[in-house]
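Structure first, then comments.
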There are 2 protein chains.
Amino acid sequence: MTTNDVQNVFVALADPARRKIIETLTEVGAKTATQLVPGLEMTRQGVTKHLNILADAGLVTIYQRGRDKYYVLTPEPLEEATLWISAIAARWDERLEALRQFLEDDNETTGET
Amino acid sequence: MTTNDVQNVFVALADPARRKIIETLTEVGAKTATQLVPGLEMTRQGVTKHLNILADAGLVTIYQRGRDKYYVLTPEPLEEATLWISAIAARWDERLEALRQFLEDDNETTGET
DNA sequence: AATATACGCAACCAATTAGTTGCATTTAAT
DNA sequence: ATTAAATGCAACTAATTGGTTGCGTATATT
């Protein structure tokens, strides 16, 4: 499941509204869907959909207080994203020398589009 | 641009084919689009589209050698993703105490769907 | 010179995504 | 008891995404 976990986390982080929710929950601690609506330009149901995606990634936990449903950040799954990235970075450092080899043989071109 | 950068990086990382390309380039150093086709179950044009998205995020650089176009990883933009995540983690640690407060007042519910 | 290989571009398609509206249900407040 | 507030669920729409096919062009290879 670990491989699917990192997928869900990266998908969750790929949307600006969801990152903003994460930032807000980081600052405020706990909020309901309706409390999150102002600031995100979107209806409550839209916010709820994003919260569900965050919940699927394990990034929020829900605490129900009567009719209110408070969402709280669960940052642990972020670690999996960080691990994936740092594994790449680590292996990349090993490859740098071989890369230099490649570049010396060649004429370079700009990679910008 | 920094805010848009992190958006492009997270979008790039959200697709499994693109993460696989990143992993392959990390191990092999440089490959052309057609060389990447076996292993990803997809046509060359499909691969090219993914490579363009990676290039938009600044995650690959292109070196042209005659008619061949070699893609090489540029891992620097990954740092922005890592920074975003670690900023969240850092602020989150500060909030933990306030959170404990919130949880004590309440009856908890499972956050799984 | 002729053939083969690698790439670029554009149109197209199916599936997913982001968001909406509308309505029903549950819980709280007066 | 009535009204108001918060959520849930489902159907629907528009835009984006992931991928394809079909072609033309540029560079190698024989």
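None of the values given here were measured: they were computed from a predicted structure. Chain A is the first sequence line, chain B the second, and so forth, proteins listed ahead of strands; every chain is numbered from 1.
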Given [options], identify the nucleotide with an atom nearest to the side chain of [X].
{"X": "B:His50", "options": "D:dG18, C:dA18, D:dA6", "value": "D:dG18"}
{"X": "A:Lys69", "options": "C:dT20, C:dG19, D:dT7", "value": "D:dT7"}
{"X": "A:Asp15", "options": "C:dA18, D:dT7, D:dG19", "value": "C:dA18"}

Taking [atom1] from [X] and [atom2] from [N], how many angstroms apart are they, rounded to a whole number?
{"X": "A:Gln64", "N": "D:dA5", "atom1": "CD", "atom2": "C1'", "value": "14 Å"}
{"X": "B:Ile21", "N": "D:dG19", "atom1": "CD1", "atom2": "P", "value": "9 Å"}
{"X": "A:Phe10", "N": "C:dT17", "atom1": "CZ", "atom2": "C1'", "value": "20 Å"}
{"X": "A:Arg19", "N": "C:dA18", "atom1": "CZ", "atom2": "C1'", "value": "15 Å"}
{"X": "B:Lys49", "N": "C:dC9", "atom1": "NZ", "atom2": "P", "value": "13 Å"}
{"X": "B:Glu41", "N": "D:dG18", "atom1": "CD", "atom2": "C1'", "value": "15 Å"}
{"X": "B:Tyr71", "N": "C:dC7", "atom1": "OH", "atom2": "P", "value": "7 Å"}
{"X": "A:Asp56", "N": "C:dT16", "atom1": "CG", "atom2": "P", "value": "15 Å"}

field: Geometric class of the B:Phe10/B:Trp84 ring pair [parallel <30°, tilted 30-60°, perpendicular >60°]
entry: perpendicular
Distance test, side-chain N/O of [X] to OP1/OP2 of [N], below 4.0 Å:
{"X": "B:Thr34", "N": "C:dC7", "result": "yes"}
{"X": "A:Arg65", "N": "D:dA6", "result": "no"}
{"X": "A:Thr43", "N": "C:dT20", "result": "yes"}

- prompt: Looking at side-chain heavy atoms only, is the closest gap between A:Leu59 and A:Thr74 below 4.5 Å?
  reply: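 Side chain of A:Leu59 against side chain of A:Thr74, heavy atoms only: no contact under 4.5 Å found.
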task: Report yes if some heavy atom in the side chain of A:Glu79 is under 4.5 Å from a heavy atom in the side chain of A:Leu83; otherwise report no.
output: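 Side-chain contact under 4.5 Å: yes.
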- prompt: Has the side chain of B:Arg67 got a donor or acceptor atom sitting under 3.5 Å from an opposite partner on the base of D:dA26?
  reply: no
- request: Answer yes or no: side-chain N or O of B:Arg44 and base N or O of D:dG19 forming a donor-acceptor pair under 3.5 Å.
  value: no
- prompt: Relative to the 5' end of DNA chain D, which residue comes earlier, B:Ile53 or B:Gln45, by the nucleotide with the nearest heavy atom?
  reply: B:Ile53
task: Can you spot which of B:Val60, B:Thr61, B:Thr24 makes a side-chain contact (heavy atoms from CB on, under 4.5 Å) with B:Tyr71?
output: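 Among B:Val60, B:Thr61, B:Thr24, the one meeting side-chain contact (heavy atoms from CB on, under 4.5 Å) with B:Tyr71 is B:Val60.
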query: Would you call B:Arg95 and A:Glu27 a salt bridge, using N to O less than 4.0 angstrom?
result: no
field: Comparing A:Asp68 and A:Val11 on DNA chain C - which has the more 5′ nearest nucleotide
entry: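 Whichever sits nearer the 5' end wins; that is A:Val11.
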